[in-house]
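Have a look at the structure below, then the notes.
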2 protein chains.
Amino acid sequence: MRDRRISESTIHRLSHYYRALTALEREHFDTVSSRELANREELTPAQVRKDLSFFGSFGTRGLGYPVKELKEKIARILGIDRVWNVALIGVGNIGSALVSYKEFARQGFNIKLLFDSDQRKIGSNHKGITVLGMDDLERQLNENKIELVILAVPASSAQVIVDHVVNCGIKAILNFAPIKLAVPDDVFLRTENMAMELEYLSFSLVNNLPRRSDRKKT
Amino acid sequence: MRDRRISESTIHRLSHYYRALTALEREHFDTVSSRELANREELTPAQVRKDLSFFGSFGTRGLGYPVKELKEKIARILGIDRVWNVALIGVGNIGSALVSYKEFARQGFNIKLLFDSDQRKIGSNHKGITVLGMDDLERQLNENKIELVILAVPASSAQVIVDHVVNCGIKAILNFAPIKLAVPDDVFLRTENMAMELEYLSFSLVNNLPRRSDRKKT
DNA sequence: CTTTTTTTGTGAAAGGTTTCACAACTGGCA
DNA sequence: TGCCAGTTGTGAAACCTTTCACAAAAAAAG
């Protein structure tokens with residue numbers, strides 16, 4: 001209806017609402033007010049209402065929002081009302097931790113394939129998935145209809161590998177290598193830099209910032 | 001540093017500048033212009049100059065910024081010109097990956113202590129550090145002058161543990177449990193939620209968001 | 001059925017961040 | 001020396017996000 005752009009912060013807050021709604025559902029709430037939702041995620045009621053109103057008005061005045069429907073609606077908006085086929089490249093320390101990260105599976109991210117360039121790792125098993133070699137990459141990504149790639153390789157090889165991945169037509173990549181990767185304009189890339197979060201805390205301690213933030217922007 | 005508030009985004013960009021400057025130093029650049037710095041991190045020259053001007057003016061008109069000095073200055077601002085004593089609680093999948101994460105050590109985050117509540121893990125060795133039991137927590141954090149805690153425990157036990165940590169006087173916590181933790185106002189808390197990043201990618205794919213600003217004319 | 005209470009949805013105001021545009025300064029060169 | 005090219009530093013403008021405040025709607029109470 002409108003072509004107002006939805007901000008990154010709004011999308012991240014949807015993830016928070018989804019989490020809160022999951023808890024509310026477990027606690028057998030039928031409806032929830034913007035105030036309650038805001039309290040649970042440390043936001044303001046006005047913000048909750050503004051965010052949700054971007055996608056239509058599914059609350060009831062005087063009552064609040066229906067927990068189950070709202071949760072489903074947000075799942076649909078976020079695209080997690082379905083299963084995504086994910087490949088994970090790099091079965092080192094971080095890579096093998098991510099294979100076992102239950103939160104991914106819980107939200108429909110199904111890690112189907114594992115890759116590594118290390119001959120000693122190829123053929124080994126992680127959570128029932130056999131690690132494949134990088135020469136199989138292109139064919140396997142296509143055959144298994146992979147839509148999303150998680151990159152957990154060393155910074156030094158990340159760009160080369162991401163080029164391959166992009167070549168296979170993958171349009172979404174979550175990168176854990178602490179490096180700025182170049183990808184075409186039509187590929188979605190997010191880089192998770194854990195050292196940067198520690199740097200933020202370090203800055204906060206040193207400068208004794210008068211506030212605390214548990215939320216991220218960019 | 002007057003009482004102008006520095007935004008979270010600015011601080012994160014400082015981390016990016018730091019990374020770019022590290023590369024520039026390796027490439028033997030003496031000076032760098034805001035334009036070059038901006039290109040390397042996909043920002044605008046104006047933004048680079050605005051960010052840096054928050055902390056004083058250390059560029060030279062007509063020349064640019066001195067690479068080495070600027071890098072040192074940013075390190076000082078971020079508080080990474082020193083070593084931080086870090087404790088890591090939870091030596092499961094993510095925890096053990098983080099112990100070996102070289103980027104932490106490289107930026108002065110020294111993981112000194114490991115904790116776990118699992119009897120089978122207590123006493124075991126990770127990268128030369130012996131895993132301690134949780135009953136030792138309070139004493140050990142104090143004795144080892146720990147300033148920063150990384151939490152990599154299951155969501156179900158995270159709040160109880162964070163309460164202990166806060167009790168020990170720790171003022172900065174990096175949390176990997178996918179849950180909203182309550183801490184006093186004077187404690188800095190950051191929560192790293194990897195599933196949320198995948199959700200953002202999922203949203204982008206489903207809604208085919210226009211990403212990446214097309215910059216720039218001239 | 002009428003009144004009171006609750007809570008949404010949303011324009012408008014406030015607040016914050018990024019970009020623009022240009023004066024001011026520097027180094028190099030003739 | 002004077003001039004040109006390059007680049008910073010920074011108010012002002014443009015843009016974006018959050019908060020405010022209240023009418024409208026629905027439920028609950030009497």
Side-chain angles (χ1 to χ4, degrees), chain A residues 1-14 16-17 21 24 29-67 69-70 73-74 209-211 213 215-218, chain B residues 1-14 16-17 21 24 29-67 69-70 73-74 209-218:
Chain A
M1 56 203 85
R2 68 226 102 174
D3 49 19
R4 267 186 294 183
R5 272 274 258 62
I6 288 125
S7 77
E8 182 169 334
S9 314
T10 300
I11 298 160
H12 273 130
R13 283 194 299 269
L14 288 184
H16 284 287
Y17 302 147
L21 288 163
L24 285 159
F29 282 82
D30 284 337
T31 58
V32 63
S33 66
S34 57
R35 184 158 38 74
E36 171 65 14
L37 212 38
N39 282 344
R40 296 208 175 206
E41 295 295 332
E42 290 189 354
L43 302 163
T44 65
Q47 181 137 70
V48 172
R49 295 200 299 275
K50 251 282 154 41
D51 283 343
L52 297 180
S53 77
F54 271 115
F55 303 98
S57 64
F58 23 78
T60 305
R61 286 163 196 231
L63 240 194
Y65 300 89
V67 171
E69 277 106 303
L70 183 57
K73 178 90 184 181
I74 290 177
L209 273 194
R211 82 213 168 82
S213 172
R215 261 164 272 127
K216 282 185 284 182
K217 276 185 184 165
T218 299
Chain B
M1 242 142 288
R2 284 47 25 184
D3 46 25
R4 268 185 295 184
R5 260 264 275 86
I6 287 126
S7 78
E8 179 169 336
S9 314
T10 299
I11 298 158
H12 272 129
R13 283 194 299 269
L14 288 184
H16 280 111
Y17 302 148
L21 288 162
L24 285 159
F29 282 83
D30 284 337
T31 58
V32 63
S33 65
S34 57
R35 185 159 37 76
E36 172 65 14
L37 212 40
N39 281 344
R40 296 208 174 205
E41 294 295 330
E42 291 189 354
L43 302 162
T44 65
Q47 183 137 68
V48 172
R49 295 199 299 274
K50 251 277 150 51
D51 283 344
L52 297 179
S53 77
F54 270 114
F55 304 99
S57 63
F58 21 78
T60 306
R61 286 163 196 228
L63 240 194
Y65 300 90
V67 171
E69 277 106 302
L70 183 57
K73 178 90 185 181
I74 291 177
L209 266 195
R211 68 228 64 99
R212 207 181 294 291
S213 46
D214 341 23
R215 63 176 71 101
K216 193 69 258 187
K217 54 228 174 137
T218 45

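Protein chains get the first letters and strands the later ones, always in sequence-line order, with residue 1 at the start of each. Note that the structure is a prediction, hence the values are computed from the model and not measured.
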For B:Pro45 and B:Ala38, work out which heavy atoms get closest and say how close.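 Smallest interatomic distance, heavy atoms only, reads N-CB, 3.5 Å.
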Where do A:Val48 and A:Tyr17 come nearest, in terms of heavy atoms and distance?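 Between these two residues, the closest heavy atoms are CA-OH, 3.4 Å.
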Between C:dC22, D:dT17, C:dT19, which nucleotide has the shortest distance from any of its atoms to the side chain of B:Lys50?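 Of all the options, the side chain of B:Lys50 is nearest to C:dT19.
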Please determine, for the side chain of B:Thr44, which listed nucleotide (C:dT19, C:dT17, D:dT8) has the closest atom?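 From the listed options, C:dT19 comes nearest.
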In whole angstroms, how far is the [atom2] atom of [N] from the [atom1] atom of [X]?
X       : N      : atom1 : atom2 : value
B:Tyr17 : D:dT8  : OH    : P     : 12 Å
B:Asp51 : D:dT8  : CG    : C1'   : 14 Å
B:Leu52 : D:dT10 : CG    : P     : 12 Å
A:Leu43 : D:dT19 : CG    : C1'   : 13 Å
B:Ile11 : C:dT17 : CD1   : C1'   : 14 Å
B:Phe54 : C:dG16 : CZ    : P     : 12 Å

Spacing of [atom1] belonging to [X] relative to [atom2] belonging to [Y], to within rounding of 0.5 Å:
X       : Y       : atom1 : atom2 : answer
A:Arg13 : A:Ser7  : CZ    : OG    : 5.5 Å
A:Asn39 : A:Thr44 : CG    : OG1   : 10.5 Å
A:Asp51 : A:Ser34 : CG    : OG    : 11.0 Å

Hey, does the side chain of [X] come within less than 4.0 Å of [N]'s phosphate (OP1/OP2), counting only N and O?
X       : N      : answer
A:Tyr65 : C:dG9  : yes
A:Arg13 : D:dT18 : yes
B:Gln47 : C:dT19 : yes
A:Arg49 : C:dT10 : no
B:Ser57 : D:dG9  : yes
B:Ser9  : C:dT17 : no

Is B:Arg40 close enough and on-axis enough to B:Phe29, meaning under 6.0 Å and within 45°, for cation-pi?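 Relative to the ring axis of B:Phe29, which defines the angle, B:Arg40 lies inside both limits.
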Would you kindly compare A:Thr10 and B:Gly59 by the position of their nearest DNA chain D nucleotide and give the one closer to the 5′ end?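 Comparing both residues, the 5'-ward one is B:Gly59.
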Can you tell me which residue among A:Thr31, A:Leu52, A:Leu21 is in a side-chain contact (heavy atoms from CB on, under 4.5 Å) with A:Tyr65?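 Going through the options one by one, the only one that passes is A:Leu52.
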Which parts of nucleotides 24-30 of chain C does protein reach within less than 4.0 Å, heavy atoms only, written one letter per nucleotide 5' to 3' as B for base, S for sugar-phosphate only and - for none? BBS----
